[in-house]
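Remarks on the structure that follows.
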Amino acid sequence: MNFDITYTYNDSNHVIIAGPCSAETPEQTMETAKMIKDLGIKIFRAGAWKPRTKPGSFEGMGEEALKWISQAKKETSLLVATEIAGPKHLELALKYNIDIFWLGARTTANPFLVQEIVEAAKGLNNCFLIKNPINPDADLWIGAIERFLNSSIYNIAAVHRGFSMYKSGYFRNNPQWQIPIEVKRVFPKLKMICDPSHIGGKRDLIETISQHSLDIGFDGLMIETHINPDSALSDSQQQITPTELKRILSTLKFKDNNEKDIESSIIKLRDEIDSIDSRVMELLSERMNISRKIGLFKKSNNIPILQPERYHQIMSRNTLLANELSMDPQFIKSIMEAIHKESIRQQLTQ
Ligand code: PEP
Ligand code: MN
């Protein structure tokens, strides 16, 4: 696998891609590109077509945007990248000399579309960045990468932008770090770039998410950067100014290749634990919601809150389950007692 973007940031051995979520106007595109160039970054990103969850949101400036991106490339000699969601986008973007294309999360999730893009990309030397699919499915991501490789398109890299969950919590898109790690295990030479902007969804999280990705051996970062983030037409909360980008890049600790031992890193195991803990928290919160509903029901039907036979039923059911799952029944008993106690407290608040 040869990833042709040798334009690494300073002497860091890492690829940095920066630019606005969307190219909005010729001035915003050009000014942002120039400031990014001044930071020593070599690759400028800007979306021309924006896949939005709901109609009515800003959907990008399309071909007009490509003209501005192309102009920015001419004036700054930066490499330029944009999102394509089908062969027509690719054809148009090539007309405007775009260097790098990324497949967005919604596109990677659709094997028909990925295949159509791959067919249209055969024989090109441009680089393709494959973002993870929107749902946490390592195989779907691996499958999209395989489609490129099967067509002898080797100038590719993967971009981790997190996964959409039923309810978004702390992160806009849950990182589930074990998934990019699994993809890297399958393709050890594949460059893995982190997109902390879409993972965090908030400016304040960019630095920590970026550092975490570098700590587990990622090869680069794609960071949404806008001259005036608050007035951005898409993803305004997660975009940062070039000045803030400069600060973040100077604070981050980039690892050299020897330090990037993804496989053996304890961080990898801690990530798995963190993601399990999040699931446990979400399930507990769901359980408490149901308890409150039961509380309301008991109240309106004059049923006493504490029902000893139900308590014994819960305890014996879970002690049996603990045995089946090879866990200490005493440990499960103490957890279930704590959960039950909190459930009763929640029901009393109704
Ligand atoms: C983007 O990079 O602006 C974008 C829309 O990405 P994603 O597909 O990750 O949502
Ligand atoms: Mn965006």
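Atoms within a ligand are numbered from 1 in the order they appear, just like the ligands themselves. All values reported here derive from a predicted model rather than from experimental measurement.
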Would you indicate whether the side-chain heavy atoms of [Y] and [X] approach each other to under 4.5 Å?
| X | Y | value |
| --- | --- | --- |
| L325 | I332 | no |
| C21 | K50 | yes |
| K131 | L103 | no |

Handout entry: N/O separation below 3.5 Å, K131 to ligand 1
Key =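 The answer is yes, given that K131 and ligand 1 share an N or O pair closer than 3.5 Å.
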Problem - Heteroatom distance test (E83, ligand 1): nitrogen or oxygen, under 3.5 angstrom - result: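 Between E83 and ligand 1, no N or O pair is found under 3.5 Å apart.
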Exercise for the section: Verify, without hydrogens or angle tests, whether N126 (side chain) and D99 (backbone) share a donor-acceptor contact under 3.5 angstrom. Expected result: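 Between the backbone of D99 and the side chain of N126 there is a qualifying donor-acceptor contact (under 3.5 Å).
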Practice task
Consider ligand 1: state whether an atom of it lies below 4.0 angstrom from any non-hydrogen atom of G47.
Solution key: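 False for this residue.
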Problem - K50 to ligand 1, any heavy atom closer than 4.0 Å - result: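 Heavy atoms of K50 do come under 4.0 Å of ligand 1.
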Practice task
Have a look at ligand 1 and work out which part of R45, if any, has a heavy atom under 4.0 Å from it: side chain, backbone, both or neither.
Solution key: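 Under 4.0 Å from ligand 1, R45 contributes side-chain atoms alone.
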Exercise for the section: Might you work through the side-chain contact (heavy atoms from CB on, under 4.5 Å) test for H340 and I314, ending with a clear yes or no? Expected result: CA-CA 9 Å; H340 187 261; I314 290 178; 4.1 Å; yes
Problem - Closest approach to the Mn ion (ligand 2) by D235, given as the N, O or S atom name - result: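 Nearest N/O/S atom of D235: OD2.
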Problem - Closest approach to the Mn ion (ligand 2) by E224, given as the N, O or S atom name - result: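 Checking each N, O and S atom of E224, the shortest distance to the Mn ion (ligand 2) belongs to OE2.
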Practice task
Evaluate the side-chain contact (heavy atoms from CB on, under 4.5 Å) criterion for residues L233 and S22: first the C-alpha distance (whole Å), next the side-chain angles of each, then the deciding distance (0.1 Å), finally the verdict.
Solution key: CA-CA 8 Å; L233 299 179; S22 313; 5.9 Å; no
Identity and distance of the protein heavy atom lying nearest [atom]:
| atom | result |
| --- | --- |
| atom 4 (C) of ligand 1 | H198 NE2, 3.5 Å |
| atom 8 (O) of ligand 1 | A105 N, 2.8 Å |
| atom 9 (O) of ligand 1 | R161 NE, 2.5 Å |

Problem - Joint cluster assignment, I181 & I273, ILVMFWY side-chain distance < 4.5 Å - result: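 No, I181 and I273 fall in different hydrophobic clusters.
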Practice task
Give the cluster check for M61 versus I227: same hydrophobic cluster or not, with ILVMFWY residues linked at side-chain heavy-atom distances below 4.5 Å.
Solution key: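 Cluster IDs for M61 and I227 differ.
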Exercise for the section: Using a strict 4.0 Å cut-off to heavy atoms of C21, name the atoms of ligand 1 that fall inside it. Expected result: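 Once the distances to C21 are compared, the set is 3 (O).
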Problem - Ligand-side contact atoms (ligand 1) for residue partner G104, heavy atom cut-off under 4.0 Å - result: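 Answer, ordered by atom number: 8 (O).
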